[in-house]
Protein chains: 2
Amino acid sequence: MDLSERQLQILQAIITDYVENAEPVGSRSIAKKYDLGVSPATIRNEMSDLEEMGYLTHPHTSAGRVPSDKAYRLYVNNLMQKKNLSAKDKRMINDRLAASRDEFDRTIRHAAELLSEITNLASFAMTPATNEETISFIRLLPVDKGTLILMIVGESGNVTNTTLRINVPYTQDSLDLLSKNMTVTYKGRTLDDVLKSEIIKDVGSDIEAMSQLQGSVMPSFLRTLEDMLNVNLYMEGMTNIFDLPEYSSIDRARDFMELFAQKDWFTQKMLARDNGVVVTIGDENDTVKDCTLITATYHVDGKLVGKIGVIGPTRMKYDEITSIMEYLTNNLSESFKLTGSTDSPGDAAISDNTGNTDNTDNTRGTGNTNNTEDKG
Amino acid sequence: MDLSERQLQILQAIITDYVENAEPVGSRSIAKKYDLGVSPATIRNEMSDLEEMGYLTHPHTSAGRVPSDKAYRLYVNNLMQKKNLSAKDKRMINDRLAASRDEFDRTIRHAAELLSEITNLASFAMTPATNEETISFIRLLPVDKGTLILMIVGESGNVTNTTLRINVPYTQDSLDLLSKNMTVTYKGRTLDDVLKSEIIKDVGSDIEAMSQLQGSVMPSFLRTLEDMLNVNLYMEGMTNIFDLPEYSSIDRARDFMELFAQKDWFTQKMLARDNGVVVTIGDENDTVKDCTLITATYHVDGKLVGKIGVIGPTRMKYDEITSIMEYLTNNLSESFKLTGSTDSPGDAAISDNTGNTDNTDNTRGTGNTNNTEDKG
DNA sequence: GTTAGCACTCGTCACATCAGAGTGCTAATC
DNA sequence: GATTAGCACTCTGATGTGACGAGTGCTAAC
């Protein structure tokens, strides 16, 4: 039940036109604008067939046709061609990312900003899931009588710290000793691994076996590990969607905004998507059935995986947007290659890299499961 | 030109009614609902006078009256009475804040959530401006060949760290030495102070005088100080406003949402407001002229000042909301009293307190200037 | 000073009308 | 057999109209 060449042409014309103008497209305008060498009547007949096959829908009898999710899927899988980014967009991406290259979280945020500016859609970017991150060392530092800082450093340079207050006496030496012990115990293990095994052990029952000091530190240690697993989510351009006719009704706009109010839930959803450029259209999404969601992944040190994405109505410029996202994620991955110590001479510093040290509106990552159609 | 007792009664009745129902209120309904002992005609006459004095407006001839900003101001300053929170709300606040008492940023976020849940408005909360924070110590830790961590700890337990990569060779000892030197140099000075003086000095020109190692570290040190000055902003309940008739038009809703898209700008604005409970109504705001903005401040360790706030239409329950905010900020300030090392016996741990260590969508705080009317 | 009565204003809602866009079908044409 | 012209039909959206109701503002009476 393949489509004829002419049907494909007509379908592509309808998609192009509808993506551009957001209005149901009629047979006459197709015939006029796209030189297919046939009359409107013929196009009407083909459209009728395409509708029967599920590629087009009809808001009402006397309106033109609108592409269905199925049509967009066909377009994304088979019809669309990779677009070359404009020089302007390329320059913009390069410049803006370069400006903040040395600060990890800021770079990620800029990526989200860029994405929403270029696509005029809502976008997001998240820092990598760190399930696979392994512990490099643990350090305890005294601040004050009763107050100390617990610091966990990951192999990829992630740092997370907690200020904790305890009633157990300690000295510089006892802290150093505990730091060393803990480092020896946990070094090289993944955060997930440590967290699971330690929680199962039920620290509480074990406390007598530990030093009093360690017993005081352990609960915070576990919570800090959890913090470290957190993913930061940056959202940009949410209000762009107000410009789209799809969201001219207050209810639609409201639904859209409420999606993002639950950042935690949203983060989970996004983490669960496959790697690479993934496009899910309309009904293919389990929640936002009238949106298209495109996500792409970048790598840190070739290992940890972070995500960026755009969300908009199913009517969007799939070709441009996927190309932009590919370019952007390649650029990001390139930025985040840990090159090891270079030996470039000269200037004293400096590529420094603010670690992922914070605890904002995030959730723990859960790694990759599958619920999405893959771009074929 | 004082208002008569009866005029005040009528004005109060109109405000109460309008706040409740969001519809222009007519003389007849006032006479019926609020037993003022006079006829609608009399009320009409008084309303006409009140309008002339600027307390009421008239959307059109045959509609009822609506309170003006001036009326709300009068109400807030003179008419409204403090409300007692419901036991339910109090319990909710106490419980929810207690649950996260030991984690600073999370507590702040919960405060914003509570505020939007209880008031059904959009709310925000920000971590304290740390201009006045003083440096406690500085520490450099080796991670790897070429990679090290710079950590700055403030007197109030704030911790900020940066992972930096340098080409200069170092040993554990040289890092320790530099840590000590820097600590001696900067200990006890405020972040602002250090930042200003060091930037004026123009580090670059000074580098030869320093060790190569210190020269490599200084730029990151300054940037980390800047990070430390950042204020975290949490926003909640933005979508609540869709429930309000004031925002049933897409354009109004859009304007509202766009306000918050620029987090940095918004943070600046909010930091600039006076301390305490501050109410600015409609035109009293320079930007959001059709909104009321209520902010309140809490203290950390009786010193650092953070802010929470709600934003909504000028039509809001001023009495309830200001009372809630007072209760909430008192509760927060109480939570964040650093009590020094307590000597409660028993349980090993644990009041730990995640430091303000992150670098999300924030701006540096600029302290308190004045642009707001004060609650009388 | 207060009130009843009444004319007047204005916005909203329901309903009818009309133009325009586009289809679907039929019959003619290539 | 595929294509096309022609035409009736459908549906939406814009425009206009009239009835209704809420509320005022004024005047005259209490």
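Heavy-atom basis, side chains included; hydrogens, waters and symmetry copies ignored.
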Mind running side chain to side chain contact (heavy atoms under 4.5 Å, CB included) on A/Thr314 and A/Asp290 for me, showing each step along the way? CA-CA 7 Å; A/Thr314 52; A/Asp290 45 11; 5.8 Å; no
Strictly under 3.5 Å: I want the nitrogen or oxygen pairs between protein and nucleotides 12-19 of chain D, one per line.
none

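B/Lys263 and B/Leu233 make their closest contact through NZ-O, 3.5 Å (heavy atoms, listed as atom of the first residue, atom of the second, distance).
Under the 4.0 Å criterion applied to side-chain N and carboxylate O atoms, B/Arg252 and B/Glu246 are not assigned as salt-bridge partners. Note on A/Arg6 versus A/Glu46: salt bridge recorded, some NZ/NE/NH1/NH2 to OD/OE distance being below 4.0 Å. B/Asp17 has a carboxylate O that lies under 4.0 Å from a charged side-chain N of B/Lys33, or vice versa, which qualifies the two as a salt bridge.
We find that CG of B/Asp49 is positioned 12 Å from P of D/dC26, with the value rounded to whole Å. One interatomic measurement links the two molecules: CG of A/Asp17 to P of C/dA21, which rounds to 15 Å at whole-angstrom precision. Remark: P of D/dT24 and CD1 of B/Ile30 are 10 Å apart, rounded to the nearest angstrom. If you take CZ of B/Arg65 and C1' of D/dT24, they are 7 Å apart, rounded to a whole angstrom. Straight-line distance from the CG atom of A/Asn21 to the C1' atom of C/dG22: 16 Å, rounded to whole Å. Straight-line distance from the CZ atom of A/Arg28 to the C1' atom of D/dT4: 15 Å, rounded to whole Å. Taking atom CG of A/Leu56 as the reference point, atom C1' of C/dT23 lies 13 Å away to the nearest angstrom. We find that CD1 of A/Ile10 is positioned 14 Å from C1' of D/dA2, with the value rounded to whole Å.
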Generate the contact string for nucleotides 2-7 of chain C. Rules: B means base contact, S means sugar-phosphate contact only, - means no protein heavy atom under 4.0 Å. SBBB--
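Results of the side chain to side chain donor-acceptor pair (under 3.5 Å) test with A/Thr280 over A/Thr295, A/Asp274, A/Asp69, A/Asn285 single out A/Asn285 as the only residue that passes.
Between B/Phe124 and B/Tyr234, the distance separating the two ring centers is not shorter than 6.0 angstrom.
Between B/Ser27 and D/dT24, a side-chain N or O to OP1/OP2 separation shorter than 4.0 Å is present.
At a cut-off of 3.5 Å, with distance as the only test, a side-chain donor of A/Thr292 or A/Tyr318 sits close to an acceptor on the other residue.
Geometrically, B/Arg254 does not engage A/Phe242 in a cation-pi contact, judged by NZ or CZ lying under 6.0 Å from the ring centre and within 45° of the ring axis.
Between C/dG24, D/dG25, D/dT24, one nucleotide has an atom nearer to the side chain of A/His58 than all others, and that is C/dG24.
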